[in-house]
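This report refers to the structure that appears directly beneath it.
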Amino acid sequence: MNVIDVLNREQLKDGIPQFRAGDTVKVYSKVLEGGKERTQMFEGVVIVRKGGGAGESITVRRIAHGIGVEKTFLLQSPRVERIEVGKRGVVSRSRLFYLSEKVGKAARIKEKKAKGS
């Protein structure tokens with residue numbers, strides 16, 4: 001194991017939940033406005049999760065006022081406070097770029113049923 005791998009491993013965050021493409025997540029990120037800092041929540045479907053280690057990122061998509069909005073977050077960034085997983089989606093792909101062409105009911109993803117219910 002070389003020095004770069006050791007340094008990258010030390011910088012990784014703890015407490016990132018298990019999720020994949022198709023899941024609905026809430027990403028709480030810090031936003032700087034003027035001289036003040038506040039926390040902003042962005043909720044949507046994860047359409048892609050790429051990279052690994054310190055450079056891992058996710059792209060989250062949601063519909064705001066009838067327009068599709070996609071935002072990319074670095075998972076290990078200090079700007080990302082926390083991530084909460086809402087619904088688990090049933091998809092057969094790891095990258096859901098086809099959702100950007102869908103609107104309304106066509107853009108829905110089936111929800112994974114919880115065990116025991």
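Scored by the side-chain hydrogen bond (donor to acceptor under 3.5 Å, both in side chains) test, T59 finds T72 as partners (sequence neighbours excluded). Qualifying salt bridge (charged side-chain N to carboxylate O under 4.0 Å, His left out) partners for E101, counting only residues two or more places apart in sequence or in other chains: none. Under the side chain to side chain contact (heavy atoms under 4.5 Å, CB included) criterion, P17 pairs with F19, I83, V85, not counting sequence neighbours. Partners of E33 by side-chain hydrogen bond (donor to acceptor under 3.5 Å, both in side chains), not counting sequence neighbours, listed by chain and number: R38. By the salt bridge (charged side-chain N to carboxylate O under 4.0 Å, His left out) test, R20 pairs with no residue at all, sequence neighbours left out.
Under a 4.5 Å side-chain heavy-atom cut-off, the cluster of Ile, Leu, Val, Met, Phe, Trp and Tyr residues that includes V45 is completed by I47, V48, V91, L96, F97, Y98, L99, I109. Connectivity analysis of hydrophobic side chains (ILVMFWY, heavy atoms under 4.5 Å, direct or indirect) links V90 to nothing; its cluster partners are none. Through direct or indirect side-chain contacts shorter than 4.5 Å among Ile, Leu, Val, Met, Phe, Trp and Tyr, Y28 is connected to M41.
Sequence neighbours left out, the pairs with a member in residues 81-92 that pass salt bridge (charged side-chain N to carboxylate O under 4.0 Å, His left out) are D23-R88, R82-E84. Each side chain to side chain donor-acceptor pair (under 3.5 Å) pair with one or both residues in residues 43-54, not counting sequence neighbours, appears once here: R49-E56. Identified under the side chain to side chain donor-acceptor pair (under 3.5 Å) test for residues 102-111, with sequence neighbours left out: none.
Contact between L12 and A54 at its shortest, heavy atoms only, is CD2-N, 3.7 Å.
Put simply, CD1 on I4 and CZ on R9 are 13.5 Å apart, with the number rounded to the nearest 0.5 Å.
Side chain of K13 to main chain of V80: a donor-acceptor pair is present (N/O by atom type, distance under 3.5 Å, no hydrogens or angles).
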In a table with atom names and distances, give each donor-acceptor pair under 3.5 Å that connects a side chain of residues 60-70 to protein atoms at least two apart or in another chain.
residue : atom : partner : partner atom : Å
R61     : NH1  : E70     : OE2          : 3.2

